[in-house]
**Student:** 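This structure is in structure tokens; I'll ask about it shortly.
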Amino acid sequence: MASSSLGTPSSTPQNLPRQIIPIRDILEEKVEPQQLVSFIGLVRDFRPPIATRGTDWKSSIMLFDASTEHDRDDFLLTIFRPRAQMPEVGAGDVIYVHSARVQRHGSSTLSALTTRSTRIYVFQASLIPKVPGCASRALRASSGLSVPSKDILNYVSTLYHTVDKSRVPDVERFDLMAKQAINVKQKYQQLKDVHDGEFYDLIVQVVRDPYDLNDYATIWVTDYTENQGFYPFLETATEGSVYGECAGFAQPAGSQQSARSGPAGKMSMQITCWEPHASVIRSKVKANTYLSLRNVQVRHGRNGANLEGFLREDHLYPSKINAEVLQPIDDSGDLDPRLKNLIRRKRNYELENKRKQNPPAASKSSKRRRAKDDDSTKQPTAKEKRAQLRATLQADYKRVDQGLTDMNPEVSCQNMDVPITTVASMLEAAYYNLTLEDVISPIRVPVPFNNAKYRIAARVTDFFPQTLEQFSYCRKVSEYEALTDYESDSDDPVHPYSLADDDGLDNFAGPRKWEWCFALQLEDASPQCRSNPSRVWVYVDNAEAQCLTGLDASDLRSDTQGLGNLRTQMAKLWGNLEEQKLRRKKTAGIGKGNKRKTKRSRDNIPPDNSDIEMSQGSRKSDHATKEAPVANKVFSCCIRQFGSMVKESNPDKADAGDGFRWKRHFGLFGTKISYLETSSSL
DNA sequence: GGTTACCGGGGTTACGGT
């Protein structure tokens, strides 16, 4: 079966050296991807080394042997190596590749990939003698490789002199092809810039499930740019109405998912994909998938009215696949900038759309951003804020550092040059000095919060949630996180500042991430406040908790090591507070059914830092201190004030638009517990 | 033990709708 048309013995198994696999066996998938294989073949195409994003360079070689000499499909060897170690090859050279990895990448057929241990022997075509001559003299100079065994050398000679070489181009043509291969043509365009009759590389998002027609599949795609050549979709996009099932399309029962609304207007183009690309579309693509498509021909459709795309088989390399699914979430921060920009445009489109749909009330997702950006909230300018902060701080600076002794040596914070302020002054209502024309002295306008930062001296008197296991939570990972200006959406059911429970994740199959989120109740420890110290709840978000503890969040209900590390770190900060709380809870729990809560809930949210409550100080834990005082030390830490929008049914209090008011919060930042000394080695 | 990447050239096949 594997014999050549010439009937030569070259391809018969008995002539093949042991451990050498016929290339056809790889193409017919008699081996699995990842498996290591050795093979020998003739070079018919070569792509010289090009730089990659990594440290290696990349080169590739198209090979055939006696088992594939008349095949249409090609067998590709991809070489990743430092540039200096790249082999030099010429037309018709015989290559013996020892121990390369089989892979499936960018092609409908399997190919081979070098590993660190792959050896490549190149025999220069013009020097290969006929048997019984020894092929070793045709071996091109390669660094430090010993001469292969006799059976390999014999096979090289036999193969070269018996195989049909009509697929090997002549030297001039080969060199020209190699030269052309490093000329990469820039074909990427956004959809807004595509024209009739041209070929483009596209980065797009699929807006509805593909329509599969066996030999080919059609997809509708967008990149959130507009092209006058596209069909204008309905302005008001409702579920299923824009890219819904088209009348007249045969709908195999159950095979079509409900459609999703894509952007309205002239933002989407249909692309028809033939094999081998259609297989990728069929098996890996659905609505919302991000795709890289290469060499899409753009032409007017049959009605001549609108532009369409066509992804056809590559003439020269029929197994080459030009459709690749892209993952919008990438922890390495290496996301393709073209994809990043597409996601950014999508976000802008969605924000704009939301705004249009809910003009009077602030849209939920933009609440926090508006707190910072929107002029209509009458926020002071940065300069004004700085002046205001300076004035506030200067009024409060008491140089209380001097009165502080026996500070916690395990805790340090930034901005030690900023004088310590008191919690009471931090909790005072915020004002904005409004200057008007013809009015000499500025008017003090109360504002819901200001974005001030402070340094305080404090000790921890309470924490939330009630158990350390709940200090971390699991959340969905959003595609928008790749954007540098990403801010999480407050529609998220587990938004940190809501300290909501983990519900909503049970049926979520997408990527998740563990993050820290907890709150600490701090009591002012500055000397002048000893008689009546104020308390404040401060949030600790994921980044600040990482800074504080030096630990990454994990599922603490199962990660006992992580829980132990957290406990050790927090004990440095709050002493025996956890034990005290536990004792108090046990005492209180007698006769109360002692319900064990394993999830965060809104009922458990730490008390508001409302001015009255906090300036008077809630003293629940004082009862406990009578029994046994919490033993912990004073530390200095940085606190920032910020605001968020919350629902408000009383219209008189709704100062943030219909049904919403601003709420002031405090957050810890720039504070650090000394590093954990772990006994376990890496 | 495993990431890096994916030429050029010039295009036929197809259902009917947005």
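Predicted model, so just to flag it, every value in this text is computed and none were measured.
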**Student:** Does the structure show A/Trp274 stacking with B/dT13, if we require the centres to be closer than 5.5 Å and the planes to be within less than 30 degrees of parallel?
**Tutor:**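 So A/Trp274 counts as stacking on the base.
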**Student:** For the pair A/Asp74 and A/Lys320, find out whether any cationic side-chain nitrogen is under 4.0 Å from an anionic carboxylate oxygen.
**Tutor:**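 A salt bridge is absent here (no side-chain N lies under 4.0 Å from a carboxylate O).
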**Student:** Relative to each other, are the rings of A/Tyr224 and A/Tyr349 parallel, tilted or perpendicular (30° and 60° limits)?
**Tutor:**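 Rings of A/Tyr224 and A/Tyr349: tilted, 30 to 60°.
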**Student:** Between the base of B/dG9 and the side chain of A/Lys187, is there a donor-acceptor distance below 3.5 Å?
**Tutor:**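 For A/Lys187, whose side chain was compared with the base of B/dG9, there is a donor-acceptor pair (under 3.5 Å).
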**Student:** Does A/Glu324 get its side chain close enough to the base of B/dA5, under 3.5 Å, for a donor-acceptor pair?
**Tutor:**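 There is none.
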**Student:** Would you say A/Lys185 reaches B/dG9's phosphate, i.e. side-chain N/O to OP1/OP2 under 4.0 Å?
**Tutor:**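 Answer yes for this pair, as a side-chain N or O of A/Lys185 is under 4.0 Å from OP1 or OP2.
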**Student:** Find which nucleotide of DNA chain B each of A/Asp314 and A/Tyr231 is nearest to by heavy atoms, and output the residue with the more 5' nucleotide.
**Tutor:**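 Its nucleotide being nearer the 5' end, the pick is A/Asp314.
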**Student:** Honestly, is A/Arg44 close enough over A/Phe64, meaning NZ or CZ under 6.0 Å from the six-membered ring centre and within 45° of the axis?
**Tutor:**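 Relative to the ring axis of A/Phe64, which defines the angle, A/Arg44 lies outside at least one limit.
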**Student:** With nearest nucleotides of DNA chain B determined for A/Phe199 and A/Tyr317 from heavy-atom distances, which residue corresponds to the more 5′ nucleotide?
**Tutor:**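 Nearest nucleotide further toward 5': that of A/Tyr317.
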**Student:** Is it the case that the ring center of A/Phe233 lies less than 6.0 angstrom away from the ring center of A/Tyr231?
**Tutor:**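 Distance test on ring centres: under 6.0 Å, yes.
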**Student:** Side chain of A/Asn295, base of B/dG8: donor and acceptor closer than 3.5 Å?
**Tutor:**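 Such a pair does not exist between side chain and base.
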**Student:** I'd like to know if A/Arg81 reaches the base of B/dT4 with its side chain, counting only an N/O donor and acceptor under 3.5 Å.
**Tutor:**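 No pair found.
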**Student:** Does a side-chain N or O of A/Arg47 approach OP1 or OP2 of B/dC6 to a distance below 4.0 Å, or not?
**Tutor:**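 Checking A/Arg47 against B/dC6: no side-chain N or O falls below 4.0 Å of OP1 or OP2.
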**Student:** Could you say whether the aromatic ring of A/Phe310 and the base of B/dG11 stack, counting only centre distances under 5.5 Å and plane angles under 30°?
**Tutor:**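 The ring of A/Phe310 is not stacked on B/dG11.
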**Student:** Please evaluate the base of B/dG2 for a donor-acceptor partner in the side chain of A/Gln103 within a cut-off of under 3.5 Å?
**Tutor:**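 Answer is no: no donor-acceptor pair is held.
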**Student:** Check every strand shown and say whether A/Leu76 touches a base, only sugar-phosphate, or nothing at a heavy-atom separation below 4.0 Å.
**Tutor:**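 Nothing, no nucleic acid heavy atom in range.
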**Student:** Ignoring backbone atoms, establish whether A/Arg101 has a side-chain N or O less than 4.0 Å from OP1 or OP2 of B/dT3.
**Tutor:**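 The answer is no; no side-chain N or O of A/Arg101 sits under 4.0 Å from OP1 or OP2.
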**Student:** Once you round it to whole Å, what is the distance between C1' of B/dG16 and CG of A/Asn306?
**Tutor:**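 My rounded result for the distance is 13 Å.
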**Student:** Ring centres within less than 5.5 Å and planes less than 30° apart: is that true of A/His105 and B/dA5 in this structure?
**Tutor:**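 So yes, this residue stacks on that base, both cut-offs being met.
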